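Take a look at the structure set out below.
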Amino acid sequence: MVDWKNPPRLFIPGPVHVLPDVLQQLSRYTLGHRGKEYAQLHKETVDMLKQILFTEQHVFLSTSSASGVWEGSIRNCVDHDETVLCTMCGAFSDKFADVARDCGRKVEELKVDWGKATTVEMIDKKLAEGKYSAVTIVYNETSTGLTNPVYEISEMMKKKYPDVLVLVDAVSGMIGLPLHFDKLGWDVVFASVQKAFALPPGMAVFAVSNRALEKSKKVTGRGYYFDFQQFAKSAAKDQTPTTPSIPHIMAINYQCKKFLAEGMENVWKRHKEMADYVRGWAKQKFDLFCEEKYASNTLTTIKNTKGIVVGDIIKAVQAKHNTVFGNGYGKLKDQTFRIAHMGDITLKDVQEVCQWIDDEVK
Ligand SMILES: Cc1ncc(COP(=O)(O)O)c(C=O)c1O
């Protein structure tokens, strides 16, 4: 049983550790979601998120995890007779393609081996076929610990394929990695709040471009819960279409104030410092799973070069230090393990985790 007075500290790639002052935000008195006070909270939160995501376009709050916006982005932005190019480089980018197929869309796959990045050249070559109306990309692939070169990809796409919509899963990238939505020319980007926002799970934040919103008007069968038109209509009143998780919005608001006070450049720098440390340790003691050039600043996927029994080491570190790190994801279970370095943690925290793993791996 969990000792609720002393709960485990999470270094898994989501949900991550949540600080007590942040948790308190979730236990404030609630507001009516159609009242003036809520509208103020909503507007203030969305305005801050626009600064954080460097956008003057639309930012919406969804009471769902990000998987819902996987579906929403496809159902709103890809018409039934269109083909979407799904770039695939790990478990989550693979799932994005599955979702597009489940939504009945025509999907063309652009697959690379897990641990490799999807490059500008690969996407350019595929898009040159001229048959795609949208492309899906995972910014930070949480299974392999890899960050795709999205800034380069976006530059190329803006120049050569300006009409192709860009749908980006930034679930484990948002906040921890640079994200200039308007400059990148993206059409949808989304994340769940249990990653670098450092909140308990239960909501997603997403941005939508003007042109994606315009396009969605003409796409039929957008569904009910993730209809971008409904989000836009409600946003005009500083509301959400359905009853939102107001405690989460209070906590998102609290976190956004902290990010802006710290400055986004500093937030990204803090994540990079932690990543540099964990990468250095991983290379010395084990190896990185992905190509180092693309290694993520929000989590590290470590190749189990020593044949350790990952589950046993996780259990031992939890028993002695009340701290949990992650096993490999899906088919990478036991062959890899993962240390998350995102959210409200410090370099000292990740140094401790690495030391504790060392203590177990003789
Ligand atoms: C890159 C990525 N995309 C999507 C998801 C799904 O997010 P959720 O379970 O919050 O819907 C995850 C979850 O870890 C993820 O890491």
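Every heavy atom of this structure was used, including side-chain atoms; hydrogens, water molecules and symmetry mates were not. Since this is a predicted model, take the numbers as computed values, not measurements. Order of listing sets the numbers, starting from 1, for every ligand and every atom in it. Start at 1 with the first residue, then count along the sequence.
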- Task: With the side chain counted from C-beta on, respond yes when R338 and I12 share a heavy-atom pair under 4.5 Å apart, and no when they do not.
- Result: no
- What protein heavy atom sits nearest atom 6 (C) of ligand 1, and how far off is it? S67 OG, 3.6 Å
- Note on the structure: Near Q194 (heavy-atom distance under 4.0 Å), the atoms of ligand 1 are 10 (O)
- Query: ligand 1 versus K95, non-hydrogen atoms closer than 4.0 Å: side chain, backbone, both, neither?
  - Reply: neither
- Note on the structure: The closest protein heavy-atom partner of atom 14 (O) of ligand 1 is K195 NZ, 2.6 Å
- Examine ligand 1 and decide if any of its atoms is less than 4.0 Å from a heavy atom belonging to E141. no
- Task: Would you check the N or O atoms of N140, main chain and side chain alike, for any that come under 3.5 Å of an N or O of ligand 1?
- Result: no
- Query: If we only count heavy atoms from C-beta on, is the Y224 to P241 side-chain gap below 4.5 Å?
  - Reply: no
- Message: Minimum distance, heavy atoms only, to atom 16 (O) of ligand 1: which one of V171, T142, I12 is it?
- Response: T142
- Quick check: does F92 get an N/O under 3.5 Å from an N/O on ligand 1? no
- F96 side chain reached by I74 side chain, heavy atoms, under 4.5 Å: yes
- Report yes or no: does A66 have a heavy atom closer than 4.0 Å to ligand 1? yes
- Item | Worked verdict on F11 versus F337 for ring-ring contact (aromatic ring centres under 6.0 Å, His included) | CA-CA 11 Å; F11 284 81; F337 57 95; over 10 Å; no
- Note on the structure: If you scan protein heavy atoms around atom 3 (N) of ligand 1, the nearest is D169 OD2, 2.6 Å
- Task: Would you please say whether a donor-acceptor pair under 3.5 Å links the side chains of H248 and T63?
- Result: no
- What part of W70, side chain, backbone, both or neither, has a heavy atom within less than 4.0 angstrom of ligand 1? side chain
- Could you tell me whether E265 atom CD has more than 12 heavy atoms of other residues or ligands within 6.0 Å of it? no
- Message: Other residues, nucleotides and ligands only: do more than 12 of their heavy atoms fall within 6.0 Å of NZ on K158?
- Response: yes
- Under a 4.5 Å cut-off applied to non-hydrogen side-chain atoms, are Y254 and K258 in contact? yes
- Item | For atom 10 (O) of ligand 1, closest protein heavy-atom neighbour | S192 OG, 2.6 Å
- Mind checking whether I246 and Y38 have side chains closer than 4.5 Å, heavy atoms only? yes
- Compute the shortest N/O to N/O distance between S65 and ligand 1 and return yes if it is under 3.5 Å, no if not. yes
